[in-house]
Number of protein chains: 2
Amino acid sequence: MMNTKAKGAPELPLNTILSGDCVEVMNALPENSVDLIFADPPYNLQLRGDLHRPDNSKVDAVDDDWDQFDSFEVYDRFTRDWLKAARRILKPNGAIWVIGSYHNIFRVGAALQNEGYWILNDVVWRKANPMPNFRGKRFTNAHETMIWASKSEKAKYTFNYEALKELNEGVQMRSDWVLPICNGGERLKDANGEKAHPTQKPQSLLHRVLIGSTNPGDVVLDPFFGTGTTGAVAKMLGRDFIGIEREEAYIKVAEERLGRVRKLDKEALEVTRAKRAEPRVPFGQLVERGMLRPGEELHSLNGRYKAKVRADGTLAQADIKGSIHQVGAKLEGAPSCNGWTYWCIKRDGKSIPIDAMRQQIRQEMR
Amino acid sequence: MMNTKAKGAPELPLNTILSGDCVEVMNALPENSVDLIFADPPYNLQLRGDLHRPDNSKVDAVDDDWDQFDSFEVYDRFTRDWLKAARRILKPNGAIWVIGSYHNIFRVGAALQNEGYWILNDVVWRKANPMPNFRGKRFTNAHETMIWASKSEKAKYTFNYEALKELNEGVQMRSDWVLPICNGGERLKDANGEKAHPTQKPQSLLHRVLIGSTNPGDVVLDPFFGTGTTGAVAKMLGRDFIGIEREEAYIKVAEERLGRVRKLDKEALEVTRAKRAEPRVPFGQLVERGMLRPGEELHSLNGRYKAKVRADGTLAQADIKGSIHQVGAKLEGAPSCNGWTYWCIKRDGKSIPIDAMRQQIRQEMR
DNA sequence: GCAACGAGTGAATCAATGG
DNA sequence: ACCATTGATTCACTCGTTG
């Protein structure tokens, strides 16, 4: 990897991957020298047995050695140690991002606060296409949490408000980001065609992080570099990176990847935003929001049928039960039915199609 | 408030608001007596100075006494104390929800894990209409985090998967919920027309929580009752509630509010149930009842295999013998197989899954 | 060539019951 | 308490093959 000199920090091994334990490696770097740290530490998943899909195929779980910790206490010590080392090398106005799931993120967040970092936001990555919950025992685990924190309460951290606003079609960027998981051509494969790393993050996530909280020429360090998404996006966006990684196999894949990355020219950085489709509004939300009361009666547009609303957003008419679409279809003897335009509610003596209520919700969502 | 006796827990002050410190009040309640706890504890906001909007109007911030803590240590002790007291009164299969923001939720989550609770999901409440970030210095704080945890790892917690799936238009409910904040007519006002409580939660949020993780007749306790959203939704949905609140002014508003709430009728409360809740029907009954004759041949759904029904309700295919599930699994080389949906029988030239016969028996059992 | 279909997969703390 | 058995359970997207 090429070594570039940075102003005021001549010893920094820029645009390199350093091999070894991240605490030791960070402790060997000069203090107050890094602008941003992005960290994707082990999540400490604590999986029990195997999990199979309904079609009996086995879920390829994260059971790597690097994710095994004996107890919360051991994990807390690990977390405290790397956060302490990270804070020393951060510039006074530097900041950190840490990503995690409910298994570890609460411990990470508490440790950040205990070490003197100042939390600026927690940001939720809402996955557009998460893995479902196969046993129907919990909510689909559809998000991960990122914590953004400055080195101290007084730090003048970098925040490119206008650039993020542009990325978000002219309205200020919120703390919840909808982005797809990393798959397809972006997902790195090893020689056997298997995924090279079990938890490769999407470049879109790092793109938003780096556009929002660094400037071109800034130094970005990733202490859990893996296959180098942070480095790839940093290089593309004209930031310098330092990667630290323990596993030689990951380093090899990352170096090949970084060799293929080219820095973008200014024009290429401009992203064209796709238009969003109308958001789907479940009928149940009308009930949850109190726009319809469970027990209220809907009537069909043609006036022939009535059905009662239930607390879970289904309808019931005698022993016919189901969604607004299913009950409509059943009553009409039709193969399908658009319940939104079929069902109406009486309000002040007037019939209102429930679709009007859906429009109202969509209005609020904008 | 009316006091209703619950089976096996005669001392519980159901459907009342108890005045006082929540730890002391909870410690006076019997252990293992509550099905669900919903808690909206102080967020420890640590606000510095006033915040003004671009038009110079002052933002009405949460600066109440009850949200002031001297240090993280004091907040941690407070959190540990109330979580400990809460865990004692929870039934073994009970669960807890705690809501918070980045100021406190990491400390709450870590404390939950330290006290022996088992996190089931973190759920993000994505606000449809959050307050914008007026200064443009951070991301719009557009969400809050809820943690759902059972009393212990082994607990058989309540999760109404099917009802939630219905609420979400037929696809399983995710860990990110888009719901509006509480305003308009739902927002309670005091005598001066000011908002009665600074952080009143929307009923839609509690609706989803209670539909998903309680059943009618369950006891729901809220140790930071405020103006009683938890109680109002619990009463509406036919659950019993216990509220604990320190501030007399909030108790007064909550009692008036609860007096206006009406319980929904039984039909409206009925919710789509899981198949698991259906009575078990042994395959042998199909043979005993003559719906299948010993010697008849079943074929697999994919058409690849056949097997003969035997008089004891087992199947046989060459030297493979056993239950409908065992033979299916063996033939497919799968770790397991649901024989009910795997095997079919020819009737009048058409393939009928044997599950249809089971449905018929269940129908008769009603 | 293109549409239709089927197979594969992603940070997962993922069962309940009867003997 | 443990063990064997029953049988419930998936969303969005990509890619390769078939028609």
Side-chain angles (χ1 to χ4, degrees), chain A residues 40-64 66-69 72 99-105 125 127-145 178 180-187 189 193-195 197-202 224 226 280, chain B residues 113 117-122 148-150 153-157 159 161-162 165 168-175 274-284 302 313-314 322-326 328-329 334-343 354-355 358:
Chain A
D40 182 10
Y43 286 10
N44 188 22
L45 285 190
Q46 308 171 65
L47 302 177
R48 303 303 192 227
D50 286 344
L51 178 65
H52 291 89
R53 301 168 202 271
D55 66 1
N56 279 323
S57 66
K58 187 162 166 271
V59 173
D60 184 17
V62 177
D63 53 1
D64 305 70
W66 50 253
D67 198 43
Q68 304 301 318
F69 295 84
F72 282 134
I99 184 166
S101 67
Y102 67 85
H103 309 83
N104 71 323
I105 198 65
W125 169 28
K127 300 181 185 183
N129 46 348
M131 182 160 67
N133 185 294
F134 294 115
R135 305 301 291 262
K137 302 308 291 181
R138 302 184 178 190
F139 298 98
T140 311
N141 215 333
H143 75 276
E144 294 188 22
T145 301
V178 180
I181 60 176
C182 178
N183 58 12
E186 190 186 324
R187 189 86 196 214
K189 302 291 194 313
E194 305 288 314
K195 57 191 175 194
H197 193 284
T199 71
Q200 186 183 338
K201 295 294 174 289
F224 306 98
R280 191 174 55 88
Chain B
Q113 292 178 314
Y117 291 95
W118 190 247
I119 297 182
L120 300 166
N121 277 114
D122 60 335
W148 175 41
S150 58
E153 183 180 351
K154 302 293 173 215
K156 296 189 195 307
Y157 55 89
F159 185 59
Y161 175 78
E162 290 295 340
K165 193 170 171 178
N168 198 31
E169 200 126 286
V171 293
Q172 61 180 210
M173 188 70 81
R174 300 168 39 122
S175 60
K275 275 191 199 160
R276 270 193 199 90
E278 302 268 325
R280 189 172 157 270
V281 177
F283 175 70
N302 57 27
T314 56
S323 72
I324 52 172
H325 315 294
Q326 289 166 335
S336 71
C337 170
N338 183 345
W340 289 108
T341 52
Y342 180 76
W343 294 108
I354 58 174
D355 202 33
R358 180 171 64 162

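In what follows, chains are A, B, ... by sequence order, proteins preceding strands, each numbered from 1.
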S.K.: Heavy atoms under 4.0 Å, any strand shown: does B:Lys165 hit a base, just sugar-phosphate, or nothing?
M.R.: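 It contacts sugar-phosphate atoms only.
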S.K.: Scan A:Asp67 against the nucleic acid and name what it touches under 4.0 Å (heavy atoms): base, sugar-phosphate only, or nothing.
M.R.: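 Base contact.
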S.K.: When we call it a touch if two heavy atoms are under 4.0 Å apart, what does A:Gly49 touch: a base, just sugar-phosphate, or nothing?
M.R.: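 Base: the residue A:Gly49, judged by heavy atoms under 4.0 Å, touches a nucleobase.
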S.K.: I'd like the C1' distance from C:dG1 over to D:dT17, given in whole Å.
M.R.: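 Per the computed distance, 15 Å lies between those C1' atoms.
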S.K.: Contact class for A:Asp63 vs. all strands (heavy atom < 4.0 Å): base, sugar-phosphate, or nothing?
M.R.: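 Contact class for A:Asp63: none.
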S.K.: Which part of the nucleic acid, if any, lies within reach of B:Ser323 when heavy atoms closer than 4.0 Å are counted: base, sugar-phosphate only, or nothing?
M.R.: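 If one applies the 4.0 Å heavy-atom cut-off, B:Ser323 turns out to touch the sugar-phosphate alone, with no base involved.
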S.K.: Reckon B:Glu162 touches a base, only the sugar-phosphate, or nothing at all at heavy-atom distances under 4.0 Å?
M.R.: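 Sugar-phosphate: the residue B:Glu162, judged by heavy atoms under 4.0 Å, touches backbone atoms but no base.
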S.K.: Checking contacts here: which listed nucleotide (C:dA11, C:dG10, D:dT9) is nearest the side-chain heavy atoms of A:Pro54?
M.R.: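 Selected nucleotide: D:dT9.
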S.K.: Using a heavy-atom cut-off of under 4.0 Å over every strand shown, decide if A:Trp125 touches base, sugar-phosphate, or nothing.
M.R.: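 No contact.
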S.K.: Answer yes or no: is there a donor N or O on one side and an acceptor on the other, between the side chain of A:Lys201 and the main chain of A:Thr199, under 3.5 Å?
M.R.: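 Such a contact is found between A:Lys201 side chain and A:Thr199 backbone.
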S.K.: So A:Ser101, base contact, sugar-phosphate only, or nothing? Heavy-atom distance under 4.0 Å.
M.R.: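 If one applies the 4.0 Å heavy-atom cut-off, A:Ser101 turns out to touch nothing in the nucleic acid.
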S.K.: If the C1' atom of C:dA11 is compared with that of D:dC15, how far apart are they to the nearest Å?
M.R.: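 Here C:dA11 and D:dC15 have their C1' atoms 23 Å from each other.
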S.K.: Which part of the nucleic acid, if any, lies within reach of A:Asp50 when heavy atoms closer than 4.0 Å are counted: base, sugar-phosphate only, or nothing?
M.R.: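 Here A:Asp50 touches the bases of the nucleic acid.
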S.K.: Please lay out, stage by stage, how A:Arg48 and B:Glu153 fare under the test side-chain contact (heavy atoms from CB on, under 4.5 Å).
M.R.: CA-CA 11 Å; A:Arg48 303 303 192 227; B:Glu153 183 180 351; 2.8 Å; yes
S.K.: Can you check the distance between C:dA12 and D:dT9, where both ends of the measurement are the C1' atom (answer in whole Å)?
M.R.: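 Each nucleotide's C1' atom is 14 Å from the other's.
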S.K.: Check every atom of D:dT6, D:dA8, C:dA11 against the side chain of B:Asn338 and return the nucleotide holding the closest atom.
M.R.: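 Selected nucleotide (nearest to the side chain): D:dA8.
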S.K.: Could you tell me whether the side-chain ring of B:Trp118 sits stacked on the base of C:dT13, using a centroid cut-off under 5.5 Å and a plane angle under 30°?
M.R.: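 Here B:Trp118 meets both the 5.5 Å and the 30° conditions.
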S.K.: Can you tell me if B:Asn168 uses its side chain to pair, donor with acceptor, with the backbone of B:Val171 under 3.5 Å?
M.R.: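 Checked: pair present.
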S.K.: Output yes when a side-chain donor or acceptor of B:Ser323 lies under 3.5 Å from a complementary backbone atom of B:Thr314, and no otherwise.
M.R.: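 No, the answer is negative, given that no donor and acceptor are paired below the 3.5 Å cut-off.
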S.K.: Answer with base, sugar-phosphate or nothing: what part of the nucleic acid does B:Arg276 contact at a heavy-atom distance below 4.0 Å?
M.R.: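 Sugar-phosphate, backbone atoms only, no base.
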S.K.: Determine the contact category for A:Pro41: base if any of its heavy atoms lies under 4.0 Å from a base atom, sugar-phosphate if only primed atoms, P, OP1 or OP2 are that close, otherwise nothing.
M.R.: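 Base contact.
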S.K.: Touch check for B:Ile119, heavy atoms < 4.0 angstrom, all strands: base, sugar-phosphate only, or nothing?
M.R.: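 Here B:Ile119 touches the bases of the nucleic acid.
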S.K.: B:Tyr161 side chain: which of D:dC13, D:dT10, C:dA12 is closest?
M.R.: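 When the side chain of B:Tyr161 is considered, D:dT10 is the closest of D:dC13, D:dT10, C:dA12.
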S.K.: Using the P atom as the point on both nucleotides, what is the distance between D:dG7 and C:dC14, in whole Å?
M.R.: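 About 23 Å, rounded to a whole number of Å.
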S.K.: Calculate the interatomic distance between B:Lys154 atom NZ and C:dA16 atom P; express it in whole Å.
M.R.: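 About 12 Å, once rounded to whole Å.
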S.K.: Quick one: A:His197 NE2 to C:dG10 C1', roughly how many Å, whole number?
M.R.: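 In whole Å, C:dG10 C1' lies 14 Å from A:His197 NE2.
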S.K.: Students often get this wrong, so: under 4.0 angstrom with heavy atoms, is A:Pro130 touching a base, only sugar-phosphate, or nothing?
M.R.: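 Base, at least one base heavy atom under 4.0 Å.
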S.K.: Is D:dT14 in the syn or the anti form, by the rule that syn lies within 90° of 0?
M.R.: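 Anti conformation here, the glycosidic angle of D:dT14 being more than 90° from 0.
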S.K.: Looking only at atom P, what distance separates D:dT5 and C:dT13, rounded to whole Å?
M.R.: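 Rounded to whole Å, the distance is 30 Å.
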S.K.: Among C:dG10, D:dC11, C:dA11, which nucleotide has an atom closest to any side-chain atom of B:Gln172?
M.R.: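 Shortest atom-to-atom distance from the side chain points to D:dC11.
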S.K.: Using the P atom in both, what is the distance from D:dA8 to C:dG18, to the nearest Å?
M.R.: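 Approximately 14 Å lies between the P atom of D:dA8 and that of C:dG18.
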S.K.: For a quick check of understanding: with a heavy-atom distance under 4.0 Å over all strands, which category does A:Asn141 fall into, base, sugar-phosphate or nothing?
M.R.: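 Sugar-phosphate contact only - A:Asn141 comes under 4.0 Å of backbone atoms but never of a base.
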